[in-house]
Trainee: 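Quick one: the structure is below, questions incoming.
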Amino acid sequence: MEKPRHAHIRLVVCLLSGCIFADPIYGQKTPDINKILPIFIEKAEMDSEYILNNYTHEELETTHQVKNGVITEIETKKYLVARQDGMLKKKLLSINGIEIPDSQFENKKESITISGHLFKRYIFEVRGRGAINGEKCWILFFKPKPNFPEEEKKYRVINNLGGEAWVTQDSLTFKKLVTRRPREVDYYYPNLGFGLKAKKMEGIVEASLLDNRWIITKIRVEFQYSAKAFFWPINKHEIVTILYQNYQRRKP
């Protein structure tokens, strides 16, 4: 039996209006990156500071030494991290499960947070959408700004990263960060006999909910570099995974 002619008219109207191809889950209009990025960064900074000021936590750091694609050595260190007298400090608790009884708190120099100081080094663009555990997310792609100042040696690597950040559509809170370094970078004394080149770096940062705030719970970084010691080549390949765990609210 021939279909009614008005059915074809409805089909054309749907196509023109986008009702067939509109995603019922991710159908929001793509936002202006210049409007959402400051909100995302400010919220991430506030969440990080709140957790660091009000909680202690453990960091479980596992390092895999890799040679020719084979893991040759595994070392796991566990730290206790706490803010004391306004400073973030850490104490080594154990190595490969063996307790370190006399360990003392020391200043924690490396602190992984989502901050404007870090993100100002990149150019961002909203180029996708997805979901993590049912949370609708915008995917913010980023690439390094050219010729950005390198205040410290580590920024020779950080200034050359690219990747994407996942943030929730409803509240612009951080969910995941994926990074890659697109090219080889001279890292340490590149013109001398013991120069070092960072050849590969890929990483992922994941977050979860604590006290209605999104916090970093896992970092995984895989990197390779080549070096020279008295003109003898050395290549190194490591995979480092850090788990942030056992958060405990600080006593007043």
Side-chain angles (χ1 to χ4, degrees), residues 22-61 79 81-83 86 88 90 108 110-145 158-159 161-181 201-222 240-250:
D23 191 325
I25 300 178
Y26 311 117
Q28 299 184 35
K29 180 181 178 182
T30 301
D32 182 352
I33 187 63
N34 295 318
K35 292 181 178 180
I36 70 171
L37 190 61
I39 299 174
F40 156 57
I41 293 175
E42 181 181 13
K43 181 170 177 53
E45 289 179 328
M46 291 176 61
D47 285 354
S48 296
E49 282 302 306
Y50 175 85
I51 298 300
L52 291 176
N53 285 332
N54 293 280
Y55 286 83
T56 63
H57 69 273
E58 293 177 351
E59 291 183 6
L60 197 65
E61 178 182 303
Y79 297 92
V81 179
R83 180 157 282 176
L88 198 61
K90 68 177 183 179
K108 177 178 168 60
E110 70 284 359
S111 180
I112 305 299
T113 59
I114 306 300
S115 67
H117 176 71
L118 175 66
F119 276 13
K120 69 182 180 181
R121 302 171 186 278
Y122 309 108
I123 300 170
F124 282 84
E125 180 182 1
V126 182
R127 287 175 46 190
R129 34 193 150 187
I132 299 177
N133 297 328
E135 288 274 351
K136 295 178 286 186
C137 296
W138 299 117
I139 305 175
L140 314 182
F141 285 75
F142 64 93
K143 61 182 179 180
K145 291 181 179 178
I158 292 174
N159 284 7
L161 295 177
E164 62 264 3
W166 293 56
V167 299
T168 59
Q169 290 186 5
D170 56 352
S171 59
L172 300 179
T173 49
F174 171 69
K175 291 285 287 186
K176 184 173 72 171
L177 180 73
V178 180
T179 64
R180 295 172 291 273
R181 188 174 56 246
M201 180 175 175
E202 297 180 355
I204 184 168
V205 180
E206 299 177 359
S208 63
L209 195 62
L210 174 66
D211 203 2
N212 292 320
R213 299 172 187 270
W214 290 104
I215 60 166
I216 293 175
T217 51
K218 180 180 179 180
I219 299 174
R220 182 185 183 278
V221 179
E222 180 175 355
V240 180
T241 303
I242 304 176
L243 298 178
Y244 295 75
Q245 61 185 24
N246 195 22
Y247 281 85
Q248 301 287 333
R249 183 173 281 277
R250 294 178 57 183

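Owing to the predicted nature of the structure, the values given are computational and were not obtained by experimental measurement. Atoms considered below: every heavy atom in the structure, side chains included; atoms not considered: hydrogens, waters and symmetry mates.
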Trainee: Ion pair present between Glu49 and Arg83, side-chain N to carboxylate O less than 4.0 angstrom?
Mentor: yes
Trainee: So, using side-chain hydrogen bond (donor to acceptor under 3.5 Å, both in side chains) as the criterion, who are the partners of Asn54 when residues are at least two apart?
Mentor: none
Trainee: Could I get the full list of side-chain hydrogen bond (donor to acceptor under 3.5 Å, both in side chains) partners for Gln248, not counting sequence neighbours?
Mentor: Asn246
Trainee: Using modelled atom types only, decide if a donor and an acceptor are shared between the side chain of Arg129 and the backbone of Lys136 within a distance under 3.5 Å.
Mentor: no
Trainee: Using every non-hydrogen atom in the two residues, find where Phe174 and Ile216 come nearest and quote the distance to one decimal.
Mentor: CE2-CG1, 4.1 Å
Trainee: Could you give me the CA-CA distance, side-chain angles and deciding distance for Glu164 and Arg180, then say whether salt bridge (charged side-chain N to carboxylate O under 4.0 Å, His left out) is met?
Mentor: CA-CA 9 Å; Glu164 62 264 3; Arg180 295 172 291 273; 3.0 Å; yes
Trainee: Where do Ile51 and Tyr247 land on the side chain to side chain contact (heavy atoms under 4.5 Å, CB included) test, with the steps shown first?
Mentor: CA-CA 9 Å; Ile51 298 300; Tyr247 281 85; 3.6 Å; yes
Trainee: What's the spacing between Thr30 OG1 and Gln169 CD if we round to 0.5 Å?
Mentor: 9.0 Å
Trainee: Could you walk me through whether Val81 and Leu88 satisfy the side chain to side chain contact (heavy atoms under 4.5 Å, CB included) test, starting with their C-alpha distance in whole Å, then the side-chain angles of each, then the deciding distance to 0.1 Å, before giving a yes or no?
Mentor: CA-CA 7 Å; Val81 179; Leu88 198 61; 4.0 Å; yes
Trainee: Which residues pass the ring-ring contact (aromatic ring centres under 6.0 Å, His included) test with Tyr122, not counting sequence neighbours?
Mentor: Phe142
Trainee: Taking side-chain contact (heavy atoms from CB on, under 4.5 Å) as the test, write out the residues that go with Asn133, two or more places apart.
Mentor: none
Trainee: Is the closest side-chain heavy-atom distance between Leu60 and Glu58 below 4.5 Å?
Mentor: no
Trainee: Find out whether the Lys NZ or Arg CZ of Lys175 is both under 6.0 angstrom from the six-membered ring centre of Trp166 and within 45° of the ring's axis.
Mentor: no
Trainee: Measuring from atom NZ of Lys43 to atom CG of Leu172, what distance do you get when rounded to the nearest 0.5 angstrom?
Mentor: 9.0 Å
Trainee: Quick one: closest heavy-atom pair of Leu209 and Asn212, and the distance?
Mentor: CD1-C, 3.7 Å
Trainee: Looking at residues at least two apart in the chain, or sitting in another chain, which of them share a salt bridge (charged side-chain N to carboxylate O under 4.0 Å, His left out) with Arg127?
Mentor: none
Trainee: Between Asp211 and Tyr50, is there a side-chain donor-acceptor contact under 3.5 Å, judged purely by atom types and distance?
Mentor: yes
Trainee: Is there side-chain contact between Lys143 and Ile123, with at least one heavy-atom pair below 4.5 Å?
Mentor: yes
Trainee: Working to the nearest 0.5 Å, report the span between CD of Glu59 and NE2 of His57.
Mentor: 4.0 Å
Trainee: State the OG1-CD distance between Thr217 and Glu206, to the nearest 0.5 angstrom.
Mentor: 6.0 Å
Trainee: Please determine which of Ile36, Ile139, Leu37 meets the side-chain contact (heavy atoms from CB on, under 4.5 Å) test together with Val126.
Mentor: Ile36
Trainee: Which residues pass the ring-ring contact (aromatic ring centres under 6.0 Å, His included) test with Phe141, not counting sequence neighbours?
Mentor: none
Trainee: Nearest 0.5 angstrom please: Ile242 CD1 to Glu61 CD, how far?
Mentor: 5.0 Å
Trainee: Just do the side chain to side chain contact (heavy atoms under 4.5 Å, CB included) check on Ile204 and Lys218 with the steps written out, would you?
Mentor: CA-CA 8 Å; Ile204 184 168; Lys218 180 180 179 180; 5.8 Å; no
Trainee: Counting neighbours of NZ on Lys35 that are heavy atoms of other residues, nucleotides or ligands and sit closer than 6.0 Å, is the number greater than 12?
Mentor: no
Trainee: Quick check against the 3.5 Å criterion: does Thr56 have a side-chain atom that pairs as donor or acceptor with the backbone of Ala82?
Mentor: no
Trainee: What distance do Ser48 atom OG and Ile215 atom CD1 have between them, rounded to the nearest 0.5 Å?
Mentor: 9.0 Å
Trainee: Take a 6.0 Å sphere around CD of Glu42 and say whether it holds more than 12 heavy atoms from other residues, nucleotides or ligands.
Mentor: no
Trainee: Measure the shortest side-chain to side-chain distance between Arg250 and Asn53 over non-hydrogen atoms and say whether it is less than 4.5 angstrom.
Mentor: no
Trainee: Quick one, Phe40 with Phe119, criterion side chain to side chain contact (heavy atoms under 4.5 Å, CB included). Give me CA distance, side-chain angles, the key distance, then yes/no.
Mentor: CA-CA 11 Å; Phe40 156 57; Phe119 276 13; 3.2 Å; yes
Trainee: Which pair of heavy atoms, one from Tyr244 and one from Ile219, lies closest together, and at what distance?
Mentor: OH-CD1, 3.3 Å
